[in-house]
Amino acid sequence: MKSALISALTAVKRAWLIYQIRSLEITLDGIADCLPTVRDPLLRRRMELSRDAARREVTKLRAEYTATLKPGQRVIWSAA
């Protein structure tokens with residue numbers, strides 16, 4: 001019973017991490033789409049900083065997700 005509960009909690013954690021990763025990837029895609037149209041240098045720099053922060057967060061979340069896998073399992077992620 002205990003191992004089933006731990007497995008279920010791990011599955012929920014993985015689902016939550018995948019949700020967060022995908023949400024940040026969507027945000028990054030949106031920034032990449034609209035960044036070329038921004039002409040204000042201050043706004044452009046803020047968007048670049050937020051893009052960099054989102055990339056770092058995606059990297060952290062991917063590492064957390066990989067840590068939930070069994071030893072020897074690995075996920076190949078596409079570049080964000």
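Since the model is a prediction, treat every value here as computed from it, not as a measurement.
Hydrophobic cluster membership for I26: none, as no Ile, Leu, Val, Met, Phe, Trp or Tyr side chain comes under 4.5 Å of it.
The closest donor-acceptor contact from the side chain of R51 to the backbone of I31 lies at 3.5 Å or more, if one exists at all.
Sorted by first and then second residue, the side-chain hydrogen bond (donor to acceptor under 3.5 Å, both in side chains) pairs with a member in residues 34-46 read R45-E48; sequence neighbours excluded.
Considering CD of E64 and OG1 of T66, their distance stands at 10.0 Å, rounded to 0.5 Å. One distance of note links CZ of R74 with CG of L69; it measures 11.5 Å at 0.5 Å rounding. Note: L61 CG to W16 CH2 = 10.0 Å, rounded to the nearest 0.5 Å.
L24 and M47 are not part of a single hydrophobic cluster, where members link through side-chain heavy atoms under 4.5 Å apart. Side-chain heavy atoms closer than 4.5 Å link hydrophobic residues (I, L, V, M, F, W, Y) into clusters, and following such links, possibly through other members, connects L43 to L35. Following chains of ILVMFWY side-chain contacts shorter than 4.5 Å, one can reach V58 starting from L17, so the two form part of one hydrophobic cluster.
Among residues two or more places apart in sequence or in another chain, the salt bridge (Lys or Arg N to Asp or Glu O under 4.0 Å) test is passed with R22 by E25.
When all heavy atoms of T68 and R14 are compared, the closest pair comes out as O-NH2, 2.7 Å.
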